[in-house]
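In this text the structure is predicted, and so the values were computed from the model without any measurement. Sequence lines set the chain letters: A, B, ... in the order given, protein chains first and strands last, and positions in each chain run from 1.
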Amino acid sequence: MGGDHGHKDSQIDPGSRIGDSHKHKEKHRDKEHKHKDHKKDKERERVKPRHADGKHEDFAERKHRDKDKAKHKDRSVERHKDKHKDKEKRREDKNKTLGFDEKPRKEQENGFASPPRVKAEPDCDGFYQSPRHEKSLKREFEDDDTEFKPKKIKIENEKKVKKRKTEEEEDVKPKKKTKDKREDDGETKKKGKKEPEEKWKWWEEERYTDGSKWKFLEHKGPVFAPPYEPLPNNIKFYYDGKHMKLSPLAEEVATFFAKMLDHEYTTKDIFRKNFFKDWRKEMTSEEKSRIIDLNKCNFTEMHEYFKAQTEARKQMTKEEKQKIKEENERILQEYGFCVMDNHKERIGNFRIEPPGLFRGRGDHPKMGMLKRRIRPEDIIINCSKDSKHPKPPPGTKWKEVRHDNKVTWLASWTENIQGSIKYIMLNPSSRIKGEKDWQKYETARRLKKCVDRIRTQYRDDWKSKEMRIRQRAVALYFIDKLALRAGNEKEEGETADTVGCCSLRVEHIKLYPEMDGQEFVVEFDFLGKDSIRYYNKIPVEKRVFKNLQLFLENKQPEDDLFDRLNTSILNKHLQELMDGLTAKVFRTYNASITLQQQVKELTCPEDNIPAKILSYNRANRAVAILCNHQRAPPKTFEKSMQNLQTKIDAKKDQLADARRELKSAKADAKVRRDEKSKKAVEAKKKAVQRIEEQLMKLEVQATDREENKQIALGTSKLNYLDPRISVAWCKKWNIPVEKIYNKTQREKFAWAIDMADEDFEF
DNA sequence: ATACACACTTAGCATGTCTAAA
DNA sequence: TTTAGACATGCTAAGTGTGTAT
């Protein structure tokens, strides 16, 4: 909502948007998304998401994005002159202090300190207590147990820091949950000696409560992109039909373009324009004066060359491949880990992003711009003062080395397209990410305890006499019911035109007092994060409907639907309703609660394992639909589906054969009545059974895949579903977790796998 | 209030790797 | 053994949310 929050009056005044920051997009973009059919109907019935009211009528339309974005195009690129440059400057000074002396910003910034409860909600199920899990339960987040006491903050001095052990907690409310502290009595405790830690169970240890993220951090710095290798001389570039040898810099940028020639976006105006402009900046003055029209540039030799290279790479011998692999492994071992507080932890992205052409998602005004090469001089290193500092490559220097233990990143740099900061951080399996993740779910579980109250309140607020309250209440209703994202405002013209709840515009919804036999239907149609289309028709309560009509009064399509609201106002309000509550918590909460409820509902005890897994996947799918996690149908989808069908048919034939054989074996046995033929019957029976099982498995697989055609399960699984729900489900039905989580996922969710038992309830 | 800087989570897609069928 | 395709992983863009300066 860029500029127009200033005016308090309801009327939006389009004229008032001065400044460059807000003129509303010249929306002549036809938002006509052709709505496709309903192929997903059957699925919807099956999975029936939490709100039965017909959500997601059709989100089939996915990839629609790519086509559609084309239409949204053409907001001129010019108009945003590079305003992003100077942000660089002022970040110097900050962070001088890294001591702990600085005022603790908000004690619970980690959520580590148990915050005051807003209201004592009914206690929840202390599932943790399960006796057999005692040892894992030592730490808990603020969640249940309302009166949880702040743990003691131990100030560890340097040496002790080594082991953030788990002594502590005496005064913990003698709730049953205080289980044996310090169980280092061997067995699970491998850490006794062997530091090379087997599996470090950080979740059994104390968390920091002072706002620091670590006490010790040592790493080797990032790995830079390999330097540019000039093209061989026989690979030529032609301008206007004539060969032209480019200077190395210009040539490098040209190769970026050449590599992308197959992509549709190299045909887009904006892309080409941005590219050409940035390319020219890298040219020598002669080149610049000669190369003035991108259309006269011929990159095909370069393009072919790269294609051949890719091909060659594929054709490499095993040994060569092995060699590369080993080299990568070596680099990984050297740079891919750091030491944080005495534990070796995996770094997430230790390689600096290589230069190239920026391709934003959706209709991005900056597509095609040159993403410049990052040098050591651009990098800020973060590590402990007393660690061995990483060395910059010979002959270079870091931009800065700082020692800020209030943040988690190891290195950062400022990217030149948006001027935003990029970071090198730890892998999701690390303690620092894991704790945060765990905490996130605990916050969502706290929401569970007060969501009824909050819902009652926002429904009440629909009647408020203040417009802002009503808008807030309706927006919150959408966020809760439809799991919409918050919708921060974005800088106009700097990014693709996408919205979330608070930034919805009038043009994004349509109201139907009556539709298909339902009253008060709202139709949503907008591009959300990553320019993924959200399309949904949903009946709402009358009061909501009336409010929406009110909000729409006297507005233009490009005006904000919620003109008195933004995410900051909303979150401030939410904060008052529950400590730590923000808009995104609703997504987490609704996703997780939906999984839990769906999985309960869909799992049939009699089913075999594959069928149970199908149920699980369907529950997962319900969540993905709720969260609108779409994907492009895999390119090979149809084909692979066909293949699977072929397999199924073959299996069926095989089954028929097996049955026939069984029959004749039986007949045979009847006649002969000897041991041998009896055995034969048994064997045949077994065979039939086995084949039946295989067939069933295939069929389940086919169903699952079909249903998954354009839904991505991964995102919700990784980011929204409390892993303990899944783990509990596995334990309950005796399903190996490997069926649900692959290796990476198991690493990320190690804490949950270790601590959740089958009674876990979200 | 608003704007901005920053940190950190969430996201889809491209590519690489593994696996199982041919 | 080869190859297709499934699946895992890497990559990095695009969000959210907080804190601070204006």
- Message: Angle between the two end axes of the helix from B/dA1-C/dT22 to B/dA22-C/dT1, five base pairs per end, rounded to 10 degrees?
- Response: 0°
Residues in salt bridge (charged side-chain N to carboxylate O under 4.0 Å, His left out) contact with [X], at least two apart in sequence or another chain:
X: A/E329; value: none
X: A/K748; value: none
X: A/D378; value: A/R372, A/R375
X: A/E327; value: A/R330

Base, sugar-phosphate or nothing for [X]? Non-hydrogen atoms, less than 4.0 Å.
X: A/G500; result: nothing
X: A/P354; result: sugar-phosphate
X: A/K717; result: nothing
X: A/A712; result: nothing
X: A/R468; result: nothing

For nucleotides 19-22 of chain B, which of its nitrogen or oxygen atoms have a protein nitrogen or oxygen under 3.5 Å away, and what is each distance?
none

- Qualifying residue, where the test is side-chain hydrogen bond (donor to acceptor under 3.5 Å, both in side chains) with A/T498 and the options are A/K490, A/R485, A/R533, A/H364: A/K490
- Under the side chain to side chain contact (heavy atoms under 4.5 Å, CB included) rule, collect the residues that match up with A/A225, sequence neighbours excluded. A/P354, A/P355, A/R373
- Query: A/K651: what forms a side chain to side chain contact (heavy atoms under 4.5 Å, CB included) with it, not counting sequence neighbours?
  - Reply: A/Q654, A/I691, A/Q694, A/L695, A/L698
Strictly below 4.0 Å: does [X] bring a side-chain N or O up to OP1 or OP2 of [N]?
X: A/R359; N: C/dC11; result: no
X: A/N488; N: C/dG15; result: no
X: A/N349; N: C/dC11; result: no
X: A/T498; N: C/dG15; result: yes

- Mind calculating the distance between CG (A/N328) and P (B/dT15) to the nearest angstrom?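 Rounding to the nearest Å, CG of A/N328 and P of B/dT15 are 16 Å apart.
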- Rounded interatomic separation in angstrom, taking CD from A/E415 and P from C/dA14: 9 Å
Could you list, one pair per line, each protein nitrogen or oxygen that sits under 3.5 Å from a nitrogen or oxygen of nucleotides 8-10 of chain B, together with the distance?
unit_1: B/dC8; atom_1: OP1; unit_2: A/K213; atom_2: NZ; d: 2.9
unit_1: B/dC8; atom_1: OP2; unit_2: A/T408; atom_2: N; d: 3.0
unit_1: B/dC8; atom_1: OP2; unit_2: A/T408; atom_2: OG1; d: 2.8
unit_1: B/dT9; atom_1: OP2; unit_2: A/K433; atom_2: NZ; d: 2.4
unit_1: B/dT10; atom_1: OP1; unit_2: A/K584; atom_2: NZ; d: 3.3
unit_1: B/dT10; atom_1: OP2; unit_2: A/K440; atom_2: NZ; d: 2.7
unit_1: B/dT10; atom_1: O3'; unit_2: A/Y720; atom_2: OH; d: 3.0
unit_1: B/dT10; atom_1: O2; unit_2: A/K529; atom_2: NZ; d: 2.6

- Message: Both A/V585 and A/K371 contact DNA chain C. Taking the nearest nucleotide for each, which residue is further toward the 5' end?
- Response: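 The residue mapped nearer the 5' terminus is A/K371.
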- For A/A486 and A/G348, take the nucleotide of DNA chain C holding the closest heavy atom to each; which residue's nucleotide lies nearer the 5' end?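 Result of the comparison: A/G348.
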- Residues in side-chain hydrogen bond (donor to acceptor under 3.5 Å, both in side chains) with A/R351, at least two apart? none
- Message: Does any part of the side chain of A/I740, heavy atoms only, come nearer than 4.5 Å to the side chain of A/F749, both counted from C-beta?
- Response: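 No, side chains not in contact.
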- Query: Who passes ring pair (Phe, Tyr, Trp, His ring centres under 6.0 Å) against A/F271, sequence neighbours left out?
  - Reply: A/Y265
- Task: Could you go through the salt bridge (Lys or Arg N to Asp or Glu O under 4.0 Å) check for A/K307 and A/E311 one step at a time?
- Result: CA-CA 6 Å; A/K307 275 214 296 215; A/E311 199 45 41; over 6 Å; no
Using atom names, set out every protein N or O paired with an N or O of nucleotides 1-6 of chain C below 3.5 Å, distance rounded to 0.1 Å.
unit_1: C/dG5; atom_1: OP1; unit_2: A/K639; atom_2: NZ; d: 3.0
unit_1: C/dG5; atom_1: OP1; unit_2: A/N643; atom_2: ND2; d: 2.9
unit_1: C/dG5; atom_1: OP2; unit_2: A/K639; atom_2: NZ; d: 2.6
unit_1: C/dA6; atom_1: OP1; unit_2: A/S640; atom_2: OG; d: 3.1
unit_1: C/dA6; atom_1: OP1; unit_2: A/R705; atom_2: NH1; d: 3.0
unit_1: C/dA6; atom_1: OP2; unit_2: A/S640; atom_2: OG; d: 3.3

- Note on the structure: Closest to the 5' end of DNA chain B, once A/S412 and A/S568 are matched to their nearest nucleotides, is A/S568
- Message: To check you understand the geometry: which heavy-atom pair defines the closest contact between A/Y423 and A/S412, and what is its length?
- Response: CD2-CB, 3.7 Å
- Query: So, do A/F257 and A/F275 have ring centers that fall under 6.0 Å from each other?
  - Reply: yes
- Item | Nearest-0.5 Å distance, CG of residue A/N427 to SG of residue A/C338 |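 It comes to 10.0 Å.
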